[in-house]
Amino acid sequence: MQVIHHIAALRAALAGQRDVVFVPTMGGLHEGHASLVKAAVSAGGPVVASVFVNRLQFAPAEDFSRYPRSLEQDAQLLSAAGCDFLFAPSEQELYPEPQGFKVQPPSELATILEGSTRPDFFTGVCTVVLKLLSIVTPAKAVFGKKDYQQLLLVRAMVRQMALPVDIIAVDTVRDQSGLALSSRNSYLSESERVEAAQLHGLLQEIAVAVRTRSADRREIEAHAIATLVGLGFKPDYVAIRRRSDLMAAAADEPLVVLAAATLGTTRLIDNLEI
Ligand code: PAF
């Protein structure tokens with residue numbers, strides 16, 4: 001695997017390649033990322049992964065400075081998973097001047113759920129994803145379903161901007177306890193790690209309750225929030241939505257339940273398709 005830090009060098013290395021598959025990441029990589037790279041390898045073509053902690057998607061009080069940075073370990077994981085090129089630009093390389101041009105995502109999707117507590121988050125995500133797509137010019141790009149709302153926004157951006165890239169979605173990888181793998185899990189203490197798995201358990205219970213229609217959806221959400229509080233989490237939301245646009249579902253449509261909650265100092269998100 002070649003490690004490349006500069007845009008010009010990456011473009012030179014990829015010159016003439018038409019079927020590049022791209023996996024954008026912020027580093028702090030784990031088996032979930034390895035599964036994204038493996039999906040990229042199966043999609044054919046040379047695989048490019050990026051590692052870049054994107055300041056634009058962090059609010060001032062968020063964890064930009066403590067976000068895990070482990071490029072050497074990341075490189076080993078990527079190489080073992082079959083990645084051909086690791087693009088790891090510095091901030092100076094990706095944002096040599098203040099990034100005045102930004103992608104403004106549609107508010108109906110970007111200001112709900114994650115966007116309700118993180119107002120500039122999806123602007124930062126869409127801006128860097130567009131910039132990375134413009135640098136790598138892949139035929140396909142791979143995103144995890146763990147960040148469900150991000151996946152939908154990226155798909156919408158690609159569609160509305162007619163970007164010539166296919167988006168591949170990959171299922172969330174979990175540890176044995178059910179906890180969704182996340183770079184931020186490294187903030188959890190041993191005991192918090194055990195407690196954190198209860199979030200997934202709760203989503204499973206919600207899925208069963210929705211499927212068996214044992215209660216009204218609003219009641220299920222309210223009950224889940226109360227349960228999380230009782231378990232020591234500080235929940236931001238638990239929401240049963242339709243998969244296509246994360247709006248309230250009218251009838252029998254494919255659903256997803258999404259949740260975000262803080263445990264100690266770690267903010268966890270997870271979701272489950274119902
Ligand atoms: O999902 C992530 O890790 C990030 O939001 C992404 C897509 C790499 C953009 O910085």
Side-chain angles (χ1 to χ4, degrees), residues 7 10 20-37 39-40 47-59 62-71 73-75 77-78 81 83 85-91 93-95 99 101-105 109-110 113-115 117-136 138 140-158 161 163 165-173 180-187 258 260 266-271:
I7 296 170
L10 183 72
V20 169
V21 190
F22 178 43
V23 184
T25 84
M26 294 210 300
L29 303 185
H30 47 68
E31 281 309 305
H33 295 105
S35 84
L36 301 182
V37 173
V47 174
V48 178
S50 62
V51 169
F52 179 69
V53 186
N54 174 38
R55 190 187 289 273
L56 286 189
Q57 69 191 71
F58 289 81
E62 288 182 351
D63 56 343
F64 175 75
S65 49
R66 78 161 173 156
Y67 199 84
R69 286 166 176 82
S70 47
L71 194 61
Q73 269 169 267
D74 291 348
L77 179 141
L78 290 170
C83 180
F85 299 94
L86 163 55
F87 178 49
S90 64
E91 265 201 288
E93 180 70 7
L94 213 64
Y95 298 132
Q99 184 68 31
F101 287 93
K102 290 185 183 146
V103 177
Q104 191 186 338
L109 186 52
L113 304 171
E114 283 303 284
T117 50
R118 311 177 76 194
D120 299 321
F121 173 63
F122 288 118
T123 296
V125 169
C126 290
T127 302
V128 80
V129 169
L130 180 64
K131 192 155 186 174
L132 289 167
L133 290 174
S134 147
I135 292 166
V136 180
K140 296 174 184 165
V142 183
F143 289 82
K145 287 192 187 178
K146 160 101 183 350
D147 295 291
Y148 209 88
Q149 195 175 357
Q150 166 176 283
L151 170 66
L152 256 63
L153 273 155
V154 169
R155 280 195 193 285
M157 176 173 75
V158 163
M161 298 294 195
L163 302 177
V165 60
D166 289 336
I167 302 300
I168 300 173
V170 174
D171 285 335
T172 302
V173 177
L181 298 193
S182 162
S183 308
R184 289 189 168 97
N185 289 353
S186 63
Y187 305 153
L258 309 105
T266 310
R267 189 165 182 281
L268 304 164
I269 64 168
D270 201 354
N271 65 77

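By convention here, the first residue in the shown sequence is residue 1. Start at 1 and go down the list; that is how both ligands and their atoms are numbered.
Side-chain contact, Y67 with N54: no donor N or O sits under 3.5 Å from an acceptor N or O.
Every atom of ligand 1 with a heavy atom of V128 under 4.0 Å away is listed here by number and element: 9 (C), 10 (O). Numbered from 1 in the order shown, with element, the atoms of ligand 1 that lie under 4.0 Å from a heavy atom of P24 read 8 (C).
With a 4.0 Å heavy-atom cut-off, ligand 1 is reached by the backbone of T25 but not by any atom from C-beta on.
For Q57, a nitrogen or oxygen atom sits less than 3.5 Å from a nitrogen or oxygen atom of ligand 1, counting backbone and side chain alike. Polar contact check, N54 against ligand 1: no nitrogen or oxygen pair lies under 3.5 Å apart.
Within a 6.0 Å radius of CD in Q73, other residues, nucleotides and ligands contribute 12 heavy atoms or fewer.
In this structure, R66 is positioned above the aromatic face of Y187, its NZ or CZ under 6.0 Å from the six-membered ring centre and within 45° of the axis.
The distance between the ring centers of Y148 and F143 does not fall below 6.0 angstrom.
Between the side chain of S186 and the backbone N or O of S183 there is at least one donor-acceptor pair closer than 3.5 Å.
Remark: minimum distance from atom 1 (O) of ligand 1 to any protein heavy atom is reached at Q150 NE2, 2.8 Å.
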